[in-house]
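For reference, the structure is listed below as structure tokens.
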Amino acid sequence: MSNQRQRLIACFSTVFPDISMEEIERLSTAGYPEWDSIAGIQLACVIEEEFNIAIESTDLEELTSFDLVLDYLEKLDEKAS
Amino acid sequence: MKVSQALRVLNEARGRASSKTYYLACGFTPLHLQTFLAALLQETDADRRVIVEAPGSYGDLIGNLARIPLASQATVFMEWSDLDVRLGFRGLAEWSSATTEDILQSVDGTLRRLYDAVQCRAGVGLTVINLPVLPIVPIEHLPQIQAGNLGLFLRAKVLDFAAQIALLKSVRVANPEWQVLPAMRERLDLQSELKNGFPYALDTAAAIAREAVVLLQLPPARKGLITDLDNTCWRGILGDDGLDGIAWTQEAHAQEHGLYQQVLKSLGQAGVLVAIASKNERTAVDEALALPDMILKPADVFPIEAHWGRKSDSVANILRTWNIGADDVVFVDDNPMELEEVRTAFPGMECLPFPTGNVKAVYELLLGLRNRFGKAQINEEDRLRSQSLRRTALTQSEAGRADPAFVASLKASIGLSLGARFEADRAFELVNKTNQFNINGLRYTIDQWVQMGAEPGRFLGVIEYTDKFGPLGRISVVSGRISDREARIDVWVLSCRAFSRQIEHASLQALFQRYELDAIHFDYSRTAKNSPVAEFFAEFGELPQEKAVLRLDRETFNARCLSLGAEISFLN
């Protein structure tokens, strides 16, 4: 498992402590009602703190699943390098 | 603190069986402020899970506050937009001098309604008020660096509101001068405000949450301060330099010592016990304190230990006279050896150096003393405390303990009030700070205290005392439940200032009489400090065990009770 994926799972686990690692990797706003707008803001905050990035509000609206967030981080990494 | 850190703190406490709920009232989306507040409170509570609830809806600060249970601990965060929506960023009201007058009138009305909402909670719950910390919207025509009419009037109105609300019982207002916050221009997160209705930058949210937690959990004020004299209350050594050689004034470039005396005097007037422990001849100390421009006067200090014996012996004598524990006392001395000696003899006592010659450090000391002894309200008992201790010492030295003839000569009158409410007042304070005459040492939160008042059959008695030397004020609290001509008392405290006056006996006699009781039961537990209670019960039978429900019937009480010299009256 990549370091980035692990760190992202830790971020999700901080905001959604009741979910297992396996469930986190399958998580989406559609499938988990507790991932509401407030939780989404907290999640964005935690991710920004962990990865030292600033997520644009327009991008945040599109980040509705674990996989989409991971893709987003990987693309940011590619741009940076 | 970061959001991730705060969430982890809360996650760790998730599995705990018991919880404690606090409340947050604001007009914006509480979001990260609620998280930070909960996490910071959680860090102070190792046993329970902390929950912070923020009931209500966006834009309705006053309504949200009204939804919070009265007997609870609540913290209120107000911002400019709560006072008038035109002072926020989420509307597009006209920003011009034409609307200034209307805005100011609107703010007046909101502050009046907010005052009423807070007043409902006064004395019942604890309310912490946080004044606006964000910049006012750029409504004025002046450059930001120049104070404008509207901004100044708004701040004046808020401070006036704060001054009024700070007078209410169990209301604490965050001091804007001492809050440690980011710079003004860093506090607002406009993007977050517009998108989420949460106006604070994260650093600011964490900072105001931290300040609110400090205010919610102020430690109990210390009770006594013991001070040295040489190079502490004055510059110089009295024995070496004589009366003319000691100094504490601006003219003598020793003002910092005078300021220290001023603070001690002020603390004494607020009910703090102040005593002197000095290695000096007593006569020399008396002469020094009698100097006309000495700020600290003999009436301000009691007792005075001035001799050549060990400082720790002086401290021991003072503690005995005061009848309070070392943990409740601060000792101040310029001499590191004396400080170490007292610290070793009394590990629980805080020993502070007086930093002679370092004016900046003296200022920090004065602020530190205010923080250690500060209390929300000063009542009549506080003002009477030092005088009453002097009288108690006189009473005990003249008569020994509870000599009936002497007690009768005091011409005492004891007033028992049975109509008191269970609220955050003198009775609540007494119950939570009295150690020696306390039947079980139990402490109560304001929530628990208020809930007790709702129990069927529950009574609350507050006892006042006066004798020929003057009033002691309200010095005892008794509470329990009555059923079938028997009372079960689970709260009974008596201030140590009031010992040796048979007030305990008179209180029980009054209860037997008023409620026509056949017996009184006491929920007794032995503590490290309540031996006076055991001694009292020993008058009526065997010494109690560690924890027991003691029963005292009317016949036994009447047969063994000393004949009381005091006149007892029922105030309601």
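Just the heavy atoms: all of them, side chains too, but no hydrogens, waters or symmetry mates, feed the values below. Throughout, a chain's letter reflects where its sequence line sits, starting with A, and its residues are numbered from 1.
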Legend entry - Charged N-O contact under 4.0 Å between A:E61 and B:K195: yes

Legend entry - Interface moiety of B:T35 toward chain A, non-hydrogen atoms closer than 4.5 Å: side chain

Inset, instruction - Could you look at A:S13 and say if it's the side chain, the backbone, both or neither that has a heavy atom under 4.5 Å from chain B? - result: backbone

Legend entry - Contacting region of B:L10 [heavy-atom separation from chain A under 4.5 Å]: neither

Inset, instruction - Against chain B, work out which of A:I47, A:V15, A:V46 has the most heavy-atom pairs shorter than 4.5 Å and name it. - result: A:V46

Inset, instruction - Could you check whether the rings of A:F12 and A:W35 sit parallel, tilted or perpendicular, using 30° and 60° as the cut-offs? - result: perpendicular

Legend entry - Under 3.5 Å side-chain donor-acceptor pair for B:N64 and B:R67: yes

Legend entry - Ion pair B:K2/A:E49, N-O distance below 4.0 Å: no

